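See structure below.
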Amino acid sequence: MSGTHKLVTVLVLTAAAVVGCTATAPTAEQEPKAPSSAPAAEPASEATPTRGPTDAETCSGLSEVYGDGGGLYWERRGTLRDLGAREFARGTVTVDKDGVPVTYTVEPGDVEAVVAERLCAYPTLASMNHRRDVHPGQELWLTPDPDIPWLPYYGPYDAPAGFQQIPYQQAIESAGRAVDAGDVGAVRTIWNDTLKAMFTNQDEAPRVRWRLSTHGG
């Protein structure tokens, strides 16, 4: 499980626990026949069609992440596809048993929009992974679990007007680093000191408390 994926699970669990087309060129016309006294000219060879993108190289549509309306549960709609490495998107993709991309590891020089284009996705991969941008070595989690509450990066879904985004985002990123280091205690501290007061939805407490206990947090 990637660090960002663990952040989504561990941080939320901790929180509640403490609370164009291929174009075929036309066939070249034959040269006119010479008079009967001369041999007929050979037909001109057919022009070679210009190679266009195949189905495997194009996206039928872009996959997007949607919320359930309550702000806590998100899921991906539309199928991700890996169209192959390219300039500004040369990272490594892992796939599931059906060949659907699961994670993407960022390479130096990668650009989020190009990575998203490679995967047939809207360019929201950074914020979905609780970051403002992508950085080399980062393993991007590509699909949220619709059964696990997800913390938005830019602010709680029901944040009031005037909500201070920067402290929230800094706390989210700090929690992510703590998860990567395996420091669950630091995640709890970040929640209690900063994030707890920023959330108003406590409906998930009983369920998440059970999840926390089963995960040994």
Side-chain angles (χ1 to χ4, degrees), residues 1-13 15-16 20-21 52-86 88-107 110-135 138-159 163 165 168-169 172-173 175-176 179 195 198-201 203-204 207-208 211 215:
M1 181 180 294
S2 70
T4 50
H5 198 165
K6 289 187 291 183
L7 167 59
V8 175
T9 304
V10 174
L11 181 56
V12 177
L13 305 188
C21 300
T54 66
D55 288 343
E57 298 171 329
T58 60
C59 301
S60 58
L62 295 183
S63 175
E64 188 170 7
V65 174
Y66 290 84
D68 66 348
L72 289 177
Y73 296 91
W74 293 72
E75 64 179 334
R76 181 172 289 286
R77 298 180 187 174
T79 303
L80 295 173
R81 297 172 60 189
D82 182 10
L83 303 186
R86 61 200 60 200
F88 306 123
R90 300 193 182 279
T92 302
V93 175
T94 64
V95 299
D96 63 16
K97 61 182 178 61
D98 298 317
V100 177
V102 176
T103 66
Y104 178 91
T105 302
V106 181
E107 285 287 318
D110 279 359
V111 175
E112 181 186 14
V114 183
V115 172
E117 179 184 71
R118 169 180 170 178
L119 299 173
C120 295
Y122 280 93
T124 55
L125 303 177
S127 62
M128 198 180 81
N129 283 268
H130 304 98
R131 295 283 301 191
R132 187 176 295 276
D133 52 18
V134 299
H135 58 275
Q138 180 183 17
E139 186 179 42
L140 298 174
W141 167 51
L142 301 177
T143 302
D145 185 335
D147 296 324
I148 296 178
W150 179 80
L151 295 179
Y153 175 68
Y154 290 102
Y157 79 96
D158 56 354
F163 178 81
Q165 286 187 329
Y168 172 88
Q169 292 169 11
I172 289 289
E173 293 183 9
V179 169
L195 291 173
M198 297 181 177
F199 286 85
T200 59
N201 191 329
D203 294 341
E204 293 299 312
R207 179 171 180 268
V208 176
R211 280 183 172 272
H215 283 75

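Just so we're clear, the structure is a prediction, and the values are computed from it rather than from any experiment.
In this structure, M128 and R76 have side chains that are in contact, with non-hydrogen atoms separated by less than 4.5 Å. Within the 4.5 Å cutoff, side-chain heavy atoms of Y104 are placed close to those of V115. Residues C120 and L83 have side chains in contact (heavy-atom distance under 4.5 Å, counting atoms from C-beta outward).
Going from atom CG of L119 over to atom OG1 of T79 covers 12.5 Å, rounded to the nearest 0.5 Å. Going from atom CG of D133 over to atom CD of Q138 covers 8.0 Å, rounded to the nearest 0.5 Å.
In this view, F88 satisfies the ring pair (Phe, Tyr, Trp, His ring centres under 6.0 Å) rule with no residue, not counting sequence neighbours. Take Y153 and apply the side-chain hydrogen bond (donor to acceptor under 3.5 Å, both in side chains) test, not counting sequence neighbours, and it matches E173. Qualifying side-chain contact (heavy atoms from CB on, under 4.5 Å) partners for T94, counting only residues two or more places apart in sequence or in other chains: V102, T103. With sequence neighbours excluded, no residue satisfies side-chain hydrogen bond (donor to acceptor under 3.5 Å, both in side chains) with Y154. Partners of R132 by side-chain hydrogen bond (donor to acceptor under 3.5 Å, both in side chains), not counting sequence neighbours, listed by chain and number: Q169. Considering only residues two or more places apart in sequence or on other chains, V95 meets the side-chain contact (heavy atoms from CB on, under 4.5 Å) condition with V93. A search for salt bridge (Lys or Arg N to Asp or Glu O under 4.0 Å) contacts involving E75 returns R77, not counting sequence neighbours. Checked against salt bridge (Lys or Arg N to Asp or Glu O under 4.0 Å), E117 has the following partners two or more places apart in sequence or in another chain: R86.
Across every non-hydrogen atom of V100 and L80, the tightest pair is CG1-O, 4.0 Å. Contact detail for A159 and F163: the closest heavy-atom pair is CB-CG, 3.6 Å. Shortest non-hydrogen contact noted between E139 and T105 is CG-OG1, 4.0 Å. When all heavy atoms of P123 and A116 are compared, the closest pair comes out as CA-CB, 3.6 Å. For the residue pair N129 and W141, the shortest heavy atom distance occurs at OD1-N, 2.7 Å.
Look at R90 and D110 and you find no salt bridge, because none of the NZ, NE, NH1 or NH2 atoms lies under 4.0 Å from a carboxylate O.
Of the possible polar contacts, one joining the D96 side chain to the D98 backbone as a donor-acceptor pair under 3.5 Å is found.
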